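What you are looking at is a predicted structure, and each value in this text was computed from that prediction instead of being measured. We number each residue from 1, following the sequence as shown.
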Amino acid sequence: MFFSVRSFPKCEYHLFLSHSREDHDWLVRPAYDFLSQHTVTSFLDIEDYPIGRDSRSALKGELLLSRHVVFFITDAMLNSPRGWCILELAYSEILQSMMQFPSGHLCNYILPLFFIPQSDSTLPRSVWQLLRDRGVFAPSGCSREEASRWANQQIIKFLKKEQAYKQSMSRLAIDDPEWSRDLRKIVGLHSRATKFHPHPIKLPDSP
């Protein structure tokens with residue numbers, strides 16, 4: 001698998017929602033609908049997946065057009081050791097690495113949401129262990145409805161933090177011309193670091 005990024009296009013989505021199909025109806029679609037109500041634009045493959053394109057190229061393209069990717073890590077995802085979610089993780093890690101500079105990171109591209117116990121014995125043997133320290137775990141024993149509401153809360157919290165971080169990046173670009181020039185060496189990276197495309201969002205205090 002080879003994936004290189006020579007330029008960053010303007011984001012068309014705030015979020016790419018990576019999930020197992022078994023979790024679509026009870027978890028991911030409710031999050032998609034909730035976010036849409038608050039002008040958060042999300043890529044959800046059942047709704048948006050392009051027709052007539054090579055699947056891997058389409059997947060890479062949609063991830064590149066997304067400001068962040070949310071991984072809904074459930075039992076269903078853990079029980080699928082192969083599939084699109086693994087590719088989405090691999091591509092996302094490459095994009096995240098390109099957001100790292102000696103002066104610090106430009107954004108947290110990946111938001112892992114775990115809907116399994118932290119003590120789950122399957123997790124250490126899966127690729128999702130790589131995200132454990134960067135992720136958030138749902139409260140143990142919560143119902144599906146509570147887990148869905150918790151997911152919305154975590155996504156909103158994450159987006160608020162990242163949008164505020166972009167404001168600090170915009171100020172830095174003005175105050176540090178050398179840093180700003182370094183970003184412009186990769187087409188589109190300066191805009192990706194300092195603007196909140198596809199548009200700034202006004203988020204609720206709590207879902």
Side-chain angles (χ1 to χ4, degrees), residues 11-53 55-56 58-92 95 108-117 120 122-123 126-128 131 134-163 196-207:
C11 290
E12 294 183 9
Y13 309 100
H14 295 109
L15 299 171
F16 182 108
L17 305 180
S18 177
H19 65 287
S20 175
R21 192 160 293 256
E22 291 90 332
D23 301 316
H24 173 267
D25 291 345
W26 74 272
L27 179 60
V28 184
R29 184 55 195 242
Y32 177 89
D33 291 341
F34 170 80
L35 293 164
S36 296
Q37 293 170 10
H38 296 284
T39 71
V40 178
T41 304
S42 305
F43 176 85
L44 184 59
D45 56 3
I46 288 179
E47 290 295 322
D48 304 315
Y49 210 73
I51 298 173
R53 291 173 60 190
S55 296
R56 291 184 182 179
L59 176 62
K60 289 184 285 189
E62 301 307 325
L63 282 165
L64 191 56
L65 289 171
S66 301
R67 177 159 294 283
H68 308 286
V69 56
V70 179
F71 288 97
F72 295 82
I73 303 164
T74 62
D75 285 326
M77 190 176 278
L78 283 180
N79 292 329
S80 301
R82 298 181 179 86
W84 292 115
C85 293
I86 304 299
L87 277 178
E88 289 161 8
L89 174 60
Y91 294 148
S92 297
L95 288 173
N108 292 298
Y109 181 69
I110 298 171
L111 172 61
L113 298 180
F114 288 89
F115 299 85
I116 57 174
D120 190 294
T122 310
L123 180 58
S126 74
V127 298
W128 306 108
L131 300 182
R134 287 182 274 168
V136 202
F137 285 79
S140 60
C142 63
S143 65
R144 284 191 164 190
E145 182 179 349
E146 291 168 337
S148 178
R149 187 162 54 247
W150 175 84
N152 292 340
Q153 291 170 346
Q154 296 304 313
I155 293 170
I156 292 298
K157 180 179 177 181
F158 174 79
L159 287 174
K160 283 183 175 180
K161 182 178 178 181
E162 287 300 309
Q163 189 158 278
F196 205 85
H197 295 142
H199 54 261
I201 47 185
K202 183 174 176 59
L203 297 165
D205 291 333
S206 60

Checklist entry - Does one side chain, of S20 or E22, offer a donor that lies under 3.5 Å from an acceptor on the other? => result yes
For [X] and [Y], work out which heavy atoms get closest and say how close.
{"X": "S66", "Y": "C11", "answer": "C-SG, 3.9 Å"}
{"X": "L78", "Y": "S126", "answer": "CD2-OG, 3.5 Å"}
{"X": "E146", "Y": "C142", "answer": "OE1-CA, 3.2 Å"}
{"X": "Y32", "Y": "S42", "answer": "CE1-O, 3.4 Å"}
{"X": "F137", "Y": "L123", "answer": "CZ-CD2, 4.1 Å"}
{"X": "A151", "Y": "L27", "answer": "CB-CD1, 4.3 Å"}

Next on the checklist: Just checking E145: does its CD atom have more than 12 heavy atoms from other residues, nucleotides or ligands closer to it than 6.0 angstrom?
Outcome noted: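 Atom CD in E145 is not crowded, with 12 or fewer foreign heavy atoms closer than 6.0 Å.
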So, [X] side chain and [Y] main chain: donor-acceptor pair closer than 3.5 Å or not?
{"X": "H14", "Y": "H199", "value": "yes"}
{"X": "H68", "Y": "N108", "value": "yes"}
{"X": "S148", "Y": "R144", "value": "no"}
{"X": "Q163", "Y": "F196", "value": "no"}

Next on the checklist: Here's a test for you: under side chain to side chain contact (heavy atoms under 4.5 Å, CB included), which of L64, I110, L59, L44 qualifies with F16?
Outcome noted: L59
About how many Å separate [atom2] of [Y] and [atom1] of [X], when rounded to the nearest 0.5 Å?
{"X": "S18", "Y": "L111", "atom1": "OG", "atom2": "CG", "result": "11.5 Å"}
{"X": "L95", "Y": "Y109", "atom1": "CG", "atom2": "OH", "result": "4.5 Å"}
{"X": "H38", "Y": "I155", "atom1": "NE2", "atom2": "CD1", "result": "11.5 Å"}
{"X": "D75", "Y": "S80", "atom1": "CG", "atom2": "OG", "result": "10.5 Å"}
{"X": "K60", "Y": "E88", "atom1": "NZ", "atom2": "CD", "result": "13.0 Å"}
{"X": "I156", "Y": "I201", "atom1": "CD1", "atom2": "CD1", "result": "7.0 Å"}

Would you call [X] and [Y] a side-chain contact if the rule is heavy atoms closer than 4.5 Å?
{"X": "L159", "Y": "L15", "answer": "yes"}
{"X": "T122", "Y": "I116", "answer": "no"}
{"X": "C85", "Y": "F71", "answer": "no"}

Item to check | Worked verdict on W150 versus F115 for ring-ring contact (aromatic ring centres under 6.0 Å, His included) | outcome: CA-CA 10 Å; W150 175 84; F115 299 85; 5.4 Å; yes
Checklist entry - Where does the angle between the aromatic ring planes of Y13 and F43 fall among parallel (under 30°), tilted (30 to 60°) and perpendicular (over 60°)? => result perpendicular
